[in-house]
Amino acid sequence: MNYWLVKSEPDVYGWTHFIEQGKAVWDGVRNYQARNNLKAMQLGDQVLFYHSVTNIGVVGLAKVSKEAYPDPTSPDDLRWVVVELEPVMALDKLVPLSQIKAEPLLENLSLIRQSRLSVMPVRADEFELILKMGQISNG
DNA sequence: GCCAACGTTGGC
DNA sequence: GCCAACGTTGGC
């Protein structure tokens with residue numbers, strides 16, 4: 001079991017859209033490091049869903065429902081891949097970036113160290129702490 | 001709206 | 001292969 005965090009702008013594709021659709025094809029990733037992370041995702045891996053730009057913070061928990069395959073939005077460019085995600089549950093409360101930054105145990109989180117990376121691994125202890133901060137006790 | 005960080009592009 | 005210019009991301 002691996003843990004991840006994905007970013008999305010809520011004005012473009014937010015947690016509410018995700019819940020309404022019941023699943024998401026995570027397309028449009030055009031960064032090699034993020035792409036490599038998508039490729040490393042395995043069925044059932046748990047994924048923190050993060051809102052960037054507005055309402056900033058971790059809002060929910062998702063899981064990988066289909067592993068990486070070529071991105072259908074770039075049929076002529078085989079470099080890029082997508083995964084499919086399904087919602088698991090919303091956090092009881094948003095875990096804002098400010099709170100993540102203020103937590104010393106999260107200082108090595110990729111979110112903090114590489115602010116522009118949109119798909120990143122999260123350590124198990126970091127993952128569980130963030131869920132706890134969102135008041136989900138038993139991930 | 002501004003700007004820092006950073007990835008990409010293109011000239012040399 | 002270097003690096004300046006440029007575009008994008010994302011926090012504030």
Side-chain angles (χ1 to χ4, degrees):
Chain A
M1 170 73 69
N2 294 307
Y3 304 95
W4 309 93
L5 182 148
V6 297
K7 290 182 184 175
S8 189
E9 291 188 38
D11 294 341
V12 178
Y13 189 91
W15 177 258
T16 311
H17 304 102
F18 186 36
I19 292 290
E20 284 167 1
Q21 289 186 204
K23 72 169 215 177
V25 177
W26 213 255
D27 61 17
V29 172
R30 297 290 181 269
N31 168 283
Y32 288 108
Q33 198 177 348
R35 187 279 312 267
N36 292 343
N37 290 332
L38 289 180
K39 283 187 171 181
M41 288 186 182
Q42 296 179 310
L43 197 63
D45 280 357
Q46 294 191 276
V47 183
L48 297 170
F49 193 107
Y50 175 88
H51 279 169
S52 63
V53 183
T54 58
N55 198 24
I56 299 171
V58 177
V59 287
L61 178 60
K63 67 179 179 184
V64 176
S65 57
K66 189 166 182 181
E67 293 179 7
Y69 60 92
D71 189 336
T73 67
S74 60
D76 299 324
D77 188 342
L78 300 178
R79 290 176 295 171
W80 311 116
V81 301
V82 301
V83 297
E84 291 181 11
L85 302 178
E86 284 179 9
V88 174
M89 67 181 107
L91 301 192
D92 290 338
K93 59 178 186 181
L94 179 81
V95 180
L97 179 62
S98 56
Q99 199 180 338
I100 292 171
K101 282 185 169 174
E103 172 51 65
L105 292 173
L106 296 176
E107 68 182 4
N108 290 318
L109 201 64
S110 304
L111 184 69
I112 309 298
R113 302 179 75 91
Q114 286 178 269
S115 66
R116 297 186 56 195
L117 186 60
S118 63
V119 180
M120 68 196 75
V122 177
R123 297 199 317 245
D125 61 313
E126 295 166 335
F127 176 85
E128 282 169 20
L129 178 56
I130 291 168
L131 285 191
K132 191 175 167 190
M133 290 159 76
Q135 294 194 336
I136 288 175
S137 54
N138 205 7

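Residue numbers start from 1 in every chain, and the chains themselves are labelled A, B, ... in the order their sequence lines are given, proteins ahead of strands. Hydrogens, waters and symmetry mates play no part in the numbers below; they use all other heavy atoms, side chains included.
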Engineer: With a 3.5 Å distance limit and no angle check, can you tell me whether A/Glu103 reaches the backbone of A/Leu105 through a side-chain donor-acceptor pair?
Structural biologist: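 Side chain of A/Glu103 to backbone of A/Leu105, a donor-acceptor pair under 3.5 Å: yes, one is there.
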Engineer: Hey, does the side chain of A/Ser65 reach the backbone of A/Glu84 with a donor-acceptor pair shorter than 3.5 angstrom?
Structural biologist: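 The answer is yes, because a donor-acceptor pair under 3.5 Å joins these two groups.
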Engineer: Give the ring-plane orientation class for A/Phe49 versus A/Tyr13, where under 30° counts as parallel, over 60° as perpendicular and anything between as tilted.
Structural biologist: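 The rings of A/Phe49 and A/Tyr13 sit tilted, inter-plane angle from 30° to 60°.
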Engineer: Nearest whole Å is fine: how far is C/dT9 P from A/Asp11 CG?
Structural biologist: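 Result: 14 Å.
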Engineer: Given atom CG of A/Asn31 and atom P of C/dT9, what is their separation to the nearest angstrom?
Structural biologist: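 Going from A/Asn31 (CG) to C/dT9 (P), I get 10 Å.
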Engineer: Do side-chain atoms of A/Asp92 reach the backbone of A/Ile136 as a donor and acceptor pair under 3.5 angstrom?
Structural biologist: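 Not at all, since once roles are kept as given, no pair shorter than 3.5 Å links the two residues.
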Engineer: So which protein nitrogen or oxygen atoms get under 3.5 Å of nucleotides 10-12 of chain C's nitrogens or oxygens?
Structural biologist:
from   : atom 1 : to       : atom 2 : distance (Å)
C/dG10 : OP1    : A/Lys7   : NZ     : 3.4
C/dG10 : OP1    : A/Arg116 : O      : 3.4
C/dG11 : OP1    : A/Tyr50  : OH     : 2.7
C/dG11 : OP2    : A/Val53  : N      : 3.0
C/dC12 : OP1    : A/Lys101 : NZ     : 2.7

Engineer: Would you mind reporting whether A/Val29 and A/Trp80 have side-chain heavy atoms less than 4.5 Å apart?
Structural biologist: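 They are not in side-chain contact.
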